[in-house]
Number of protein chains: 2
Amino acid sequence: MEALQQHIKKIAGIPAADTREIASFFRQIQVKKKENLLREGMVCGLNYFVEQGCLRLFFTGHNGTEHTVQFALENWWLSDYTSFSTQRPSEFYIQAVEPSTVMVITCQAQEDMLERFPAMERYFRLIHQRVHGATQFRMKAMHDQSRKELYESFSSRFPEFVQRVPQYLLASYLGFTPEYLSQLRKKKIS
Amino acid sequence: MEALQQHIKKIAGIPAADTREIASFFRQIQVKKKENLLREGMVCGLNYFVEQGCLRLFFTGHNGTEHTVQFALENWWLSDYTSFSTQRPSEFYIQAVEPSTVMVITCQAQEDMLERFPAMERYFRLIHQRVHGATQFRMKAMHDQSRKELYESFSSRFPEFVQRVPQYLLASYLGFTPEYLSQLRKKKIS
DNA sequence: CGGATCGTTGATCAACTTCAACGGTCGTGG
DNA sequence: CCACGACCGTTGAAGTTGATCAACGATCCG
C-alpha cells in the first residue's frame with residue numbers, strides 16, 4: 001500500500017492527499033509461492049501491482065512445457081491485458097514465484113478510479129509506454145544474440161534477478177531448455 | 001488527417017470539435033518507399049501515426065542483417081518509445097516499407113497537446129495497453145510454435161499483409177532467413 | 001537493354017533439443 | 001529430529017532444426 005502510493009506519486013506526480021484515496025480502490029492480498037492468481041480459460045478481471053515478491057505470466061505450450069512471458073518484481077504491473085480489456089477468457093496463467101504481497105484492482109474499480117482521478121490516465125499511459133519501449137528492446141536482444149549471448153548479457157544486466165529466480169524459470173523466459181542453460185553455465189564457469 | 005481524427009474519436013470518444021484542434025498539433029508528411037524517418041544514433045523525437053501505407057521499426061544485428069521489430073500499417077502508431085521518452089539516442093531505424101502518408105508529432109508538441117486535452121492521455125493509454133496485450137500474444141505465438149507453424153499461422157491470420165510485404169521483410173520479422181522462408185513455401189504449396 | 005533487387009535451390013554445418021539417468025537439497029510428515 | 005519423497009540442477013549421447021554459403025533465375029525499373 002505504501003509502495004503503490006509512492007510509485008504513483010513518483011511517476012505521475014500525484015499528491016499524497018489523492019494517492020491515499022486512489023489506494024482505496026485496491027485491495028491488498030498475500031499469495032503463497034506457486035499460488036495461481038489466474039488460470040487459462042478464466043477471464044482476467046484484475047490488474048496486479050507487486051508490492052513485495054515476484055509474479056510471472058506464463059502459458060503451457062502444446063508439448064506441455066511452460067513458457068513464461070513476463071516476470072513482475074516489486075513496483076511492476078502485471079495482467080493479461082487483452083483479457084482484461086475485452087473480458088474474454090485468458091490463454092495465460094499468473095502465478096506467484098515467491099510469497100508476495102500484491103495490490104489488486106478490478107476492471108470496474110479501475111474505470112471508476114480513472115473517472116474520479118483522470119490524472120491516473122497519465123500514470124497508466126506512462127506505465128504502458130515504458131513497457132512498450134522495454135518490449136522493443138527485448139525484441140532486439142532476442143533477435144540480435146544467440147541464446148548463449150542472451151543468457152550472458154541478461155545475467156550480467158540483472159544479476160540479482162538471476163539469483164532470485166530458479167534456473168528452470170529463467171530458461172522458460174529466455175526461450176530454451178533447462179538442460180541447455182546448464183551447459184551454458186558450465187562453460188561460463190570454466 | 002481524416003484518419004487520425006476518426007481514430008481518436010473511435011478509441012477515446014473525443015468529439016470532432018476537439019479532434020480538429022488536436023490534429024493541428026501534428027504535421028502531415030509524405031515518405032517514399034525505403035525512406036528513413038529515424039536512423040540509429042539519432043534521438044527519436046517524433047511519434048508517428050500511419051494514415052496510409054506502411055512503416056517498420058528495425059535494427060541491424062552484428063552480422064549486418066536487418067531485423068524488423070514491428071510493422072505499422074494504417075491506423076497504427078510507431079516510435080522508438082525509449083528514445084522518445086528519454087531523449088537518448090536510438091538503436092533503431094524507422095523506414096517506409098511503401099510510399100506512405102504519416103502524421104507526425106514532436107515530443108514537446110505531444111506534451112502541450114496532452115496538457116490542453118487531458119482526455120488524450122486516455123487515448124494513448126488505451127493504445128499502449130492494446131499494444132501491451134498484443135505483445136503478450138505475440139510472445140506466446142513465438143514460443144509456442146516452430147518457425148514453420150509460426151509462418152503458417154501468421155500468413156493465415158494476416159493474408160493481406162503477407163501479400164503487401166516482400167518476403168525478406170516478413171522473414172526478418174518472424175526471425176528467420178529468407179532462404180528458409182522459401183523452403184517453407186515450397187513445402188506448403190506441394 | 002542492362003543492372004540491381006528479390007526469390008529459389010541444394011549442400012554443409014552449427015546450435016539447440018530431446019531423452020534418459022543420476023545426485024543434491026529442501027521441506028514435510030511420521 | 002530423522003527419513004523419505006518431490007523438486008531441481010547436471011551430464012552426456014543422439015537427433016533436429018534452421019543458418020550459412022554460393023550459385024542461379026526472375027522481375028522490375030531506369
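The basis for the numbers below is simple: all heavy atoms, side chains too, and nothing from hydrogens, waters or symmetry mates. We name chains A, B, ... by the order of the sequence lines, and we start the count at 1 in each one.
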Just how far, in rounded Å, is P of D/dC7 from CD of A/Glu66? 12 Å

If we count only N and O atoms by modelled type, under 3.5 Å, do the side chains of A/Gln129 and B/His132 hold a donor and an acceptor together? no

Rounding to an integer number of Å, can you tell me how far B/Glu149 CD sits from D/dT17 C1'? 13 Å

Pick base, sugar-phosphate or nothing for A/Lys34, based on heavy-atom distances below 4.0 Å to the nucleic acid. sugar-phosphate

Chain B on DNA chain C: first and last contacting nucleotide, 5' to 3', under 4.0 Å to a heavy atom? C/dC6 to C/dG10

Do B/Tyr173 and B/Phe59 share a hydrophobic cluster, counting only Ile, Leu, Val, Met, Phe, Trp and Tyr and linking them when any side-chain heavy atoms are less than 4.5 Å apart? no

Is the phosphate of D/dT10 approached by A/Gln167 (side-chain N or O, under 4.0 Å from OP1 or OP2)? yes

To the nearest angstrom, the CG-P distance between B/Leu184 and D/dT17 comes to 12 Å

Rounded to whole Å, OH of B/Tyr168 lies from C1' of D/dT27 at a distance of 14 Å

Can you work out whether A/Phe176 or B/Leu169 has the more 5'-proximal nearest nucleotide on DNA chain C? B/Leu169

Do A/Gln30 and A/Ser100 pair up side chain to side chain, a donor and an acceptor below 3.5 Å, judged on atom types alone? no

Quick check: closest heavy atoms across B/Gln28 and B/Thr101, and the distance to 0.1 Å? NE2-OG1, 4.0 Å

Could you check B/Lys32, B/Arg164, B/Lys33 and say which one makes a salt bridge (charged side-chain N to carboxylate O under 4.0 Å, His left out) with B/Glu98? B/Arg164

With clusters built from Ile, Leu, Val, Met, Phe, Trp and Tyr whose side-chain heavy atoms come within less than 4.5 Å, directly or transitively, what are the remaining members of the cluster of A/Phe58, listed by chain and number? A/Tyr93

Quick one: do A/Glu40 and B/Lys140 make a salt bridge, cutoff under 4.0 Å? no

Just the rounded figure in Å: distance from C1' of D/dA13 to CD of A/Gln183. 11 Å

In DNA chain C, stems of three or more consecutive pairs, Watson-Crick or G-U, each with both distances under 3.5 Å, turn out to be C:1-30 with D:1-30

Cationic N near anionic O, under 4.0 Å, A/Arg56 to A/Glu66: yes

